[in-house]
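A short worksheet on the structure shown next.
In this text the structure is predicted, and so the values were computed from the model without any measurement.
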Amino acid sequence: LLQEGKAEEARTMLDGTYEAVKTSLESLRGGDTLVRELHFETKEDEYVYELDRNDTHQMLVQVLFAEKMESSPMRATAETFINKAVDLREDAESAADKKKFEEAIELLEESTKELIRAIRSAGVYIPG
């Protein structure tokens with residue numbers, strides 16, 4: 001549908017399929033909420049994990065900017081979130097250099113949240 005220029009119909013179909021899958025998964029789980037807990041040996045290990053997670057979200061933002069946001073009116077909004085994310089990441093790296101890994105983790109988590117906001121402002125929903 002999208003290749004035929006019927007973006008609205010494609011989006012409607014995609015949304016319907018998403019809801020069907022979500023409902024099926026909820027039914028299979030019997031209403032249970034799945035929780036994944038991560039345990040790290042050190043705060044430095046957790047910092048490295050959060051750094052990788054932040055890198056992944058940065059790559060998603062780059063793909064969106066290249067594919068969806070080039071001429072989007074939401075680009076300025078997304079750039080505000082991205083700039084804040086970059087500043088938070090720099091602060092996190094500075095804290096990590098001083099071995100303040102708990103502070104660095106919190107800053108990276110905030111940076112990643114800003115990247116998620118940028119991604120969502122492009123019209124792409126991701127959990128987080």
Assess whether side chain to side chain contact (heavy atoms under 4.5 Å, CB included) is satisfied between K43 and E46, documenting all intermediate values. CA-CA 5 Å; K43 287 294 180 185; E46 186 175 354; 3.3 Å; yes
I need the [X] [atom1] to [Y] [atom2] distance, nearest 0.5 Å.
| X | Y | atom1 | atom2 | value |
| --- | --- | --- | --- | --- |
| T80 | E114 | OG1 | CD | 9.5 Å |
| E110 | I105 | CD | CD1 | 13.0 Å |
| R53 | T56 | CZ | OG1 | 9.0 Å |
| R117 | T77 | CZ | OG1 | 13.0 Å |
| E8 | L1 | CD | CG | 11.5 Å |
| E37 | H39 | CD | NE2 | 4.5 Å |

Flag, side chain of [X] to backbone of [Y], donor-acceptor distance under 3.5 Å:
| X | Y | result |
| --- | --- | --- |
| T17 | M13 | yes |
| R120 | I126 | yes |
| T112 | L108 | yes |

Closest heavy-atom contact between S111 and A85?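 Reported closest heavy-atom pair: OG-O, 2.8 Å.
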If every non-hydrogen atom of A96 is compared with every non-hydrogen atom of A104, which pair is closest and at what distance?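 It is N-CB, 3.9 Å.
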Give a yes or no on whether [X] and [Y] share a hydrophobic cluster (residues Ile, Leu, Val, Met, Phe, Trp, Tyr; joining criterion: side-chain heavy atoms under 4.5 Å apart).
| X | Y | result |
| --- | --- | --- |
| L115 | L88 | no |
| F101 | L51 | yes |
| Y47 | F40 | no |
| V86 | I119 | yes |

Side chains of E19 and D15: does their closest heavy-atom pair fall under 4.5 Å?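 When only atoms from C-beta onward are counted, D15 and E19 do not touch, as no gap falls below 4.5 Å.
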Side-chain contact, heavy-atom cut-off 4.5 Å: Y49 with L38?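 Counting from C-beta outward, Y49 and L38 do come under 4.5 Å.
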Taking atom types as modelled, is there a side-chain donor on E50 or N54 under 3.5 Å from an acceptor on the other?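 Not at all, the side chains of E50 and N54 share no donor-acceptor pair under 3.5 Å.
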Under a 4.0 Å N-O cut-off, is there an ion pair linking D55 with R89?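 Yes.
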List in chain and number order the residues that pass side chain to side chain donor-acceptor pair (under 3.5 Å) with D45, two or more places apart in sequence or in another chain; answer none if no residue qualifies.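 Listed in chain order: T42.
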